[in-house]
Amino acid sequence: MKNIKQLDTQYVANTYKRYPVEIVSGKGSICTDAEGKEYIDMGSGIAVNALGFADEGWMAAVTAQLGQVQHTSNLYYTVPGAELAAELCRRTGLKKVFFGNSGAEANECAIKVARKYAAEKKGADYYHIITLENSFHGRTVTTLAATGQAHYHELFLPLTPGFLHTPANDYEAFVKLASENKVAAIMMECVQGEGGVNALDADFVTRVAAFAKENDILLIFDEVQTGNGRTGELYAYMHYGVTPDVVTTAKGLGGGLPIGACLLSEKTEHVLGYGDHGSTFGGNPVCAAGALHVLSRLDNAMLQDVREKSAYVFRALQGAKGVKSVSGMGLMIGIETERPAAEVVAACMERGVLCLTAKHKVRLLPALNIPQNVLEKAIEIIKSVCAEAPTV
Ligand SMILES: *Cc1c(COP(=O)(O)O)cnc(C)c1O
């Protein structure tokens, strides 16, 4: 550990504040550090390991593809990418998919689609994209501009112009902004993840969707974190009964391999043409094979299971000592604690449970297939840590 910590600190760019834990292996929702200590993983690599560590079916799908073709470039056809796109469309009713390698890239694609769509249909000055305050859409210069949190922007100005931010759940403010500017699209997360695990009000989402449709403003959902079963539906917009024009996703899709996808509707499927966009690694066959397997596992039974486990977590934590509130949807859960969130996370780690934070909250994003008894054990530890007096 000491060596790795030194190496990492010396040679890896200083962008991450790591916990003093070196994870060396994992199985299901349990992982083990270099000292042999076991942890229940309630973060799943920030909603990435949807099926936990070393899932048998997922490993079989990935390794089979590894032995066939690991990469070809997008100059040729390969099986997994085409099948994955077809399956994503079948499960959502959307029409076409562009593959990238991350959430930020999925959003970059959505932004390019929105700009081209609006430029061709309404004029080149209709380039504005509205996003919500407190949102998170990625770290590239353009997705940072989309991110409605000024503290991420400050050191990197000027960012890509054309992004407008409006408060979540304030329909009147949205309408005012959309009416006073030439707008291509509205992009939002149904549950703001990095922003503090806040689900949007159903009323706000349905009214924004209706306004967008009426005014030919594209409705884009950033499902990078909320997607792929995380909230108890395949995609979180499905809880709201709205029809998106573009959906972006990544994180859990590959089950641990990097893949991002931008899903396009009937309205937007033909916006991008030859040469308009691309990615060397996009739709990589190994990542796509992993994603196909993940999707195959996200059937109704699994989604129902996510909803039931969610209900259990909410029941167990709401009103518990030291817990001020519980927010979120499905297995994307925010806990407002009396103790500082960072302190709760550190104490949980000490006691063998890995949790995340989101703003001032403790955030839980366990694997979707976490066994109920493992989940209960983790929640009991989290509860008892929350109940303890602050250390300062
Ligand atoms: C994580 C996240 C992103 C960025 O994804 P990367 O894969 O880190 O580029 C974008 N949007 C949301 C909602 C996210 O949670």
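Ligands are counted one by one from 1 in listed order, and the atoms in each one are counted from 1 as well. One is the number of the first residue; the rest follow in order along the sequence. These values consider heavy atoms only, across backbone and side chains, with no hydrogens, waters or symmetry-generated copies.
- Remark: ligand 1 atoms within the under-4.0 Å shell around heavy atoms of Gln225 are 15 (O).
- Between Phe136 and ligand 1, an N or O atom pair is found at a separation short of 3.5 Å.
- With Asp222, Thr248, Thr249 as candidates, the residue nearest to atom 11 (N) of ligand 1 on a non-hydrogen basis is Asp222.
- Taking CG from Leu292 and CG from Leu84, the interatomic distance works out to 5.0 Å, rounded to the nearest 0.5 Å.
- Between Tyr171 and Phe174, the ring-plane angle classifies as tilted under the 30° and 60° cut-offs.
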field: Residues Glu338, Lys321; criterion salt bridge (Lys or Arg N to Asp or Glu O under 4.0 Å); working and verdict
entry: CA-CA 9 Å; Glu338 272 163 25; Lys321 189 159 180 254; over 6 Å; no

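- Of all the atoms in ligand 1, the ones that sit under 4.0 Å from a non-hydrogen atom of Asn107 are 10 (C), 11 (N).
- Contact record, Lys251 with Gln225: NZ-NE2, 3.8 Å, taken as the closest heavy-atom pair.
- In this structure, Arg115 does not pair ionically with Glu120, as no charged nitrogen and carboxylate oxygen lie closer than 4.0 Å.
- Taking any N or O of Glu189, backbone or side chain, none lies under 3.5 Å from an N or O belonging to ligand 1.
- Rounding to the nearest 0.5 Å places CD1 of Ile333 at 11.0 Å from OG1 of Thr231.
- For ligand 1, none of its N or O atoms has an N or O atom of Glu105 under 3.5 Å away.
- One distance of note links NE2 of His165 with OG1 of Thr147; it measures 8.0 Å at 0.5 Å rounding.
- Residue-to-ligand polar distances place Lys251 within reach of ligand 1: an N/O pair is separated by less than 3.5 Å.
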Inset, instruction - Check the pair Lys176, Glu180 against salt bridge (Lys or Arg N to Asp or Glu O under 4.0 Å), reporting the backbone distance first and the verdict last. - result: CA-CA 6 Å; Lys176 186 164 187 291; Glu180 289 171 355; 3.3 Å; yes

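- Scanning all protein heavy atoms for the shortest distance to atom 6 (P) of ligand 1 gives Gly103 N, 3.5 Å.
- At a distance under 4.0 Å, no protein heavy atom can be found next to atom 8 (O) of ligand 1.
- Of all the listed residues (Gly260, Ser102, Ala250, Ala104), Ala104 holds the heavy atom that lies closest to atom 4 (C) of ligand 1.
- Atoms of ligand 1 lying under 4.0 Å from any heavy atom of His137, numbered from 1 in the order shown and given with element: 10 (C), 11 (N).
- Distances between N or O atoms of Val224 and those of ligand 1 include no value under 3.5 Å.
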